[in-house]
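Structure, as C-alpha cells:
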Protein chains: 2
Amino acid sequence: MTTTALKARKEFGKTLASDIAHRLRNEIVTCQLKPNESLKFDALRLSFGASFTTLREALTLLVAEGLVVAEEQRGYKVAPVTLEDLHDLTHARILIEVDLMRRSIEKGDDDWEIRVISSLHRLARIEERAPEDYASNTEWKATHRQFHEALVSASGSPTLLAVRNSLFDRAERYRNLSAMFRPHPRDKVGEHRALMQAAIGRKADQACDLIRSHIQTTSNNVAKYAAGVISAG
Amino acid sequence: MTTTALKARKEFGKTLASDIAHRLRNEIVTCQLKPNESLKFDALRLSFGASFTTLREALTLLVAEGLVVAEEQRGYKVAPVTLEDLHDLTHARILIEVDLMRRSIEKGDDDWEIRVISSLHRLARIEERAPEDYASNTEWKATHRQFHEALVSASGSPTLLAVRNSLFDRAERYRNLSAMFRPHPRDKVGEHRALMQAAIGRKADQACDLIRSHIQTTSNNVAKYAAGVISAG
DNA sequence: ATGGTAGATATTTTCGAAAATAGTTGAAAT
DNA sequence: ATTTCAACTATTTTCGAAAATATCTACCAT
C-alpha cells in the first residue's frame, strides 16, 4: 500500500488511460521521448505502471493526434519530425487558426476579452521575471498556450477547435526541438501584444494577418534552427 | 472450427481492432446504429465477437473521429446529431475542402486527372443503371466518396486530408439520415460533372465555388429533410 | 561467401477474469 | 408519501496470462 513509484496514479483525466495519454503526450511534446523512438510495451509498462491494454488505448489516442505512429503488428513509435511535416502542419495551422480568429473576433463577448487580456498579462509577467530563457519555462509554455487558446475560444466551432488543439501540440514539439539549438529566443512579447490589441479592437483583417505571420515566422525559425535534427523528409 | 458467426474475422485492417473500428464506423454512418444509441460492451461483444479491450480500442478510434462520444466511467454512445453540429461540420468541411481543392488543382498531375475522370465516369454509369434510388445504393456511395477523394488527392497535405476524411464520414451520416425522408434524390450528376470540368480545366476559383456550394446545398437539404429526426441542439 | 530455411527469441495483439465504479431496488425512518 | 441509505445488480475499466506475429540466429546447401 505504500509503494507508489510503479503504481499508476490518476492525476488528470478520470480514466487511467486518458491520464496516461496526457503524460505520454507531454513527454513527446517536450521531446523527453525523442522523435522516431520506438515505444515498446515492456518499457512503457515499467515507467507508467499500467498494463498492456491500458497503454494501448492511450497510444491509440495519440496516433489520432499525430504524435505517435502505429506500424501494425510492429508496434508504435514517436512520430518522426521532418521538414515536409513541418510545412504541412504550418499550412494547416494557418488555414484553421485564421478562420477561428476571424470568427472569434466577430462573436467574442466580454468574457472572451477578459480571457485574452488576462492571459496576455500573465504571459508578459513571466517574461519580465525571466527574460533570458522564458521559452524553456514550463509555466511560460502553459500560459502561451492559454493565450492562443483564448484568442480563438469564442469562435464557436468545436470541430475546428479540436483539430486546432492537436495541431498546436504537434507544433509545440517542433518549437521545443528548435529551442534546444536556438541561442536566444526572439522577443515575442510585442507580437503577442499586437495580436491582443487587434483582436480586442475587432480589427479582424489585421488580426488574421498577424496570426498568419506569427505562425509562419515561428515555423521558419524552427526550420532554421532545428534543421540539423530534422530529417530531410 | 466451423462456427464463424460469432468469431471475429479480419477483413480490412491488419489488426482486429482496426477492422472492428471499420465495421463499427460503417454501421454508425449508415445509421444501423442510431444516433445517441448507447454502445454497451456486452452487446458489442455479441455482435462483433471480440473482447472488451479490443472493442475499447476500436471505440477510442471512433471517438477521435467524432462518430462516438465517451462519457467517462459511463460508457460510450453513438454521437448525437444536432443542427448545431451539422452547421459546425459544414463550415469546417468547406474551409478545408476548398483549400485542398485549390492546391490539388495547382499540383495535380496526369494520374490525378485520370483518377478524377474515371471515378466520375463510374459514378455516372451507376446513376444511369439505377436513376431512381442511386443515393441509397452502396456502390454509388463508395464511388461518390472516391470521386470527391480523387478531386483533392493531389493537394499533398496529409494532415488536412486525414481531417477531411473524418469530416466526410460525419457528413455522410447526416446524408444517410436525410435520405430516409427525402422523397427523391436531387439530380447530382450535373454538379459532379461541372466540378470535374472546372478541376481538370484548372479553373481554380470556379472549382472552389462549386465545391463550396455543393457542400452547402447538400447540408441545407439535409437540414430541411432530416429536421424531424435531428434534435434542436 | 551467399542465400535461404528452421528453430528460438522478442514483441505485439487478443482474450476473459477480476477490480472498480455507477445505477437500482427496497426497506426503514420521518 | 417522501427521503435516506445500504445492499445488490449492471456496466465499465484494468489487469496479466495466452495466442499470434514478427525478428533474430544458427545452420545447411549451393
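Below, read A as the first sequence line, B as the second, and so on, with proteins coming before strands; counting in each chain starts at 1.
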Rounded to whole Å, CZ of Arg74(B) lies from C1' of dA22(C) at a distance of 8 Å

Within the pair Thr15(A) and dT12(D), is there a side-chain N or O less than 4.0 Å away from OP1 or OP2? no

Expressed in angstrom and rounded to an integer, what is the separation of Phe48(A) atom CZ from dC15(D) atom P? 14 Å

Taking Tyr225(A) for the side chain and Met180(A) for the main chain, is one N or O donor matched with an acceptor at less than 3.5 Å? no

Can you list every pair that meets salt bridge (charged side-chain N to carboxylate O under 4.0 Å, His left out) and has a residue in residues 145-161 of chain A, with sequence neighbours left out? Arg145(A)-Asp169(A), Arg145(A)-Glu172(A)

Rounded to whole Å, please give me the gap between CZ in Phe41(A) and P in dT14(C). 10 Å

Side chain of Ala50(A), heavy atoms from C-beta onward: which of dT13(D), dC15(D), dT12(C) has the nearest atom to it? dC15(D)

Protein-nucleotide distance (Arg45(A), atom CZ; dA10(C), atom C1'), rounded to Å: 14 Å

Whichever of Thr53(B) and Leu39(B) has its nearest DNA chain D nucleotide further upstream toward 5': Leu39(B)

Interatomic distance where CD belongs to Glu72(B) and P belongs to dA22(C) [whole Å]: 11 Å

Which residues share a side-chain hydrogen bond (donor to acceptor under 3.5 Å, both in side chains) with Glu37(A), sequence neighbours left out: none

Under 4.0 Å, counting only non-hydrogen atoms across every strand here, what does Tyr76(A) touch: a base, just sugar-phosphate, or nothing? sugar-phosphate

Distance in angstrom units between Leu44(A) CG and dC15(D) P, rounded: 14 Å

Classify the nucleic acid contact of Leu55(A) as base, sugar-phosphate or nothing, counting any heavy atom under 4.0 Å across all strands shown. nothing

If you define the side chain from C-beta out and look only at heavy atoms, does anything of Arg173(A) sit under 4.5 Å from Cys31(A)? yes

Atom pair distance, as rounded to whole Å: CG in Asp42(B) and C1' in dT12(D): 10 Å

Find the distance Lys14(A):NZ to dT14(D):C1' and express it as a whole number of Å. 17 Å

